[in-house]
Amino acid sequence: MKLKGIKVPHKKHTANCPPVRLPVPKLVTIPMSMHIGRPAKPVVKRGDRVLVGQLIAEADGYISAPVHSGVSGKVQKIDEMTTSMGFKVPAIVIETDGLQEVSETVTPPDVHDLNSFVDAVKQSGSVGLGGAGFPTFVKFSFNNDANAADAVVINAAECEPYITSDTRTLIDRAEDVFDGIDMLKKYLNIKHYVIGIENNKPEAIAKAQELAAKTDGVEVKVLPAVYPQGGEKVLVYNTLGRLIPKGGLPLDVGVVVINVTTLAFIAKYIQTGMPLVEKCVTIDGSAVKEPKNVIAPIGMSVGDLIEAAGGFKGEPAKILYGGPMMGIAVPDLDAPILKNTNAIVAMDEKEAQPPKVTPCINCGACLNHCPLRLDPRAIARAYKLGEAKDLQTLCVDLCMECGCCSYVCPAKRHLVQTNKLAKGMLREYQAKQKAKKEGEK
Amino acid sequence: MSRLISTVSPHFHRPRTTRSIMLDVIIALAPAMIASVIIFGLRSLLVIADCVAVCIVSEWGFEKICKKENTVGDLSAVVTGIILALNLPVGIPLWQAALGSVVAIVVVKQLFGGIGQNFANPAATARIILMTAFSGTMTSWAVPQPFNMTPDAVTGATPLAMMAKGETESLPSYLDMFLGNTGGCLGETCALALVLGGVYLLIRGVISWHTPVAFIGTVALMSLVCGKDVLAQVLSGGLMIGAFFMATDYASTPATKWGKIIFGVGCGLITILIRFWGNFPEGVSFSLLLMNILTPYIDKLTRSKPLVGEVDES
């Protein structure tokens, strides 16, 4: 069985650009929600002086993540901000002093067994850096005495157009990645490691293969550059032939999946104790003057970032967190870089204009390109008719919103958007069914 | 600074549009149109122009009256007009061709909701209606006669009619049938031109091979089984235009791979049934219409199973 996908233009213009460190901006705005789960709780207050690597907000509950400062300076205010997803969350605004004084709390953590390793990962503030932003430590929190997992898939596929930050991780920091593998071997007791990477990154592949040859149990799996190769379900299937069940986790099929940059970060954290406070970000798109990779403190505004990286070419019309297939449009130039921001793509007026939507001609391109074999055409029809039960049969909740259907649609219909709305309708229906069932009991 | 545009992902789209697909179909039909002029004379062009013009005006007029968005720009009405014209005999009175075009666009397409919503193939249905209403002119087959502008040309029988009557000795040669030098509708006789167009559509990814291969393959196989002249059956009648251009219509045929194969096999079987045992010498249009009716069921039956994996349903 082969999973379907699409060929998208790669646009990896920045693959040969080692990241450059940007000067510290005057102001950073650090939102308390840069992960999946409960927002973090601020532990600093207005007027406090903070240092690089200092904890400024602690995790709230189990699925949450602590937040640290990437700059030294003074807390100007703790304000409410609207995220690109439309939620309101508190954000700590820090006025920087340019000294970049490092906090004395930044010391290598004491790691000697699984528990201390998981705890260190938790304290590091690490979240999935590939884009999902799921707190990393949760992935490692399982008892492996019963062999719950026997393989780790390291996601270096980077199938989105433009983005090259993971590619750069493998080229510039492959040693960190392999240090990370050694740590996972030691603490998670898993022997089999697969680095999944698309075949359009020859330099990164060569580096990974060179180091893999010297390491036991590491396999570099070169995959065709077919989007969405880096989707968790797709990658696990294409590397190990295991299909993650609907609503399940990789662990259900004995796999731990970790993004290559996340792994490199964890290795570095265990060695130095510097938490997640800065990110390598690809800056590209038709409205960017000088496409490049940069390292910027988390919380730096998109506007400052692009200004410092060479500025805009004309007026930007649309700016994305991430790539053009699954990226999220930011509301304005003040939007900050988040932990899971791996690229900023700025589009000019021409590229940003949404194409005209025309009637569905029933060509079947959507269903013939869906990696998970859904029928977006039938889903759209069921949604329009309000048939929640049909949505259940059509498994709309399986959709990972990769965007293949919308991309190939000649009528430019908003299929992903409809799927998202249909998922909501199905959730409501299922909740009602559940309540009804419980009422009968 | 003006506000940034905020839309849901994806922010990239492939350049393909409905209009560019229809344009490809028109390009693919060009060889057949040129062949029709060479074979049946300049009046072919007149019939094509008539059908295309009336299709465009009907679509525009209907949408104007119903206050719907004008969709003439997607070129689908042009495609319908060309395909319908290619399914008519060269000598057809222009008003009859025009009536057929109105039926195709207004009755078959627009009354069911416009592009993508029609359950039946507009050209095939219009051809059947014209055949029932004007069986005289619709079965008056002009003998190939280039550069002829008069509608009352010399008429003769189509190869299929000859075969149906058992007059196999007067059949044209295979080469003539392949080049289209026989009696028949404007665009159905020249297999060469239609295959050329079909290959273009395959290369451009507008159609997939499943339907034409299943359709033509079934007709060939059944002809062989029934002891008929396989090559003559495949090369004559509306099979080529039907298999490449009409059985591949998006709106009225299945979208799944297996659905397309079932559709093609079904069309082939019905065509054979009508040709060998029916009252009409040709059955491609009927087979299309009958299979069009089954399309929603075939689509549902052959829908691929979502990759849910092994889910514990407890």
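The chains referred to below are lettered A, B, ... by the order of the sequence lines, with proteins before strands, and numbering in each begins at 1.
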Chain B neighbours within residues 2-10 of chain A, where any heavy atom lies under 4.5 Å away: A:L3, A:P9
Looking only at heavy atoms and a cut-off of under 4.5 Å, which of [options] has the most pairs with chain A?
| options | answer |
| --- | --- |
| B:K305, B:Q117, B:R19, B:K257 | B:K305 |
| B:D74, B:V206, B:T18 | B:T18 |
| B:T256, B:I115, B:N118 | B:I115 |

A:V253 side chain near A:L243 side chain, heavy-atom distance below 4.5 Å: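 They are not in contact (no side-chain heavy atoms under 4.5 Å apart), so the answer is no.
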So what's closer than 4.5 Å to chain A heavy atoms on [X]: side chain, backbone, both or neither?
| X | result |
| --- | --- |
| B:P254 | neither |
| B:I21 | side chain |
| B:K300 | neither |
| B:D249 | neither |

Residue of the set B:V25, B:N121, B:I207, B:T253 for which side-chain contact (heavy atoms from CB on, under 4.5 Å) holds with B:T248: B:I207
Which atoms of A:Y227 approach chain B - backbone, side chain, both or neither, heavy atom under 4.5 Å: neither
Pair B:S9-B:H11, side-chain donor/acceptor within less than 3.5 Å: no
Residue among A:N362, A:L374, A:L367 with most heavy-atom pairs under 4.5 Å to chain B: A:N362
Top of A:G364, A:A329, A:P359 for chain B proximity - count of heavy-atom pairs under 4.5 angstrom: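 Option with the top pair count is A:A329.
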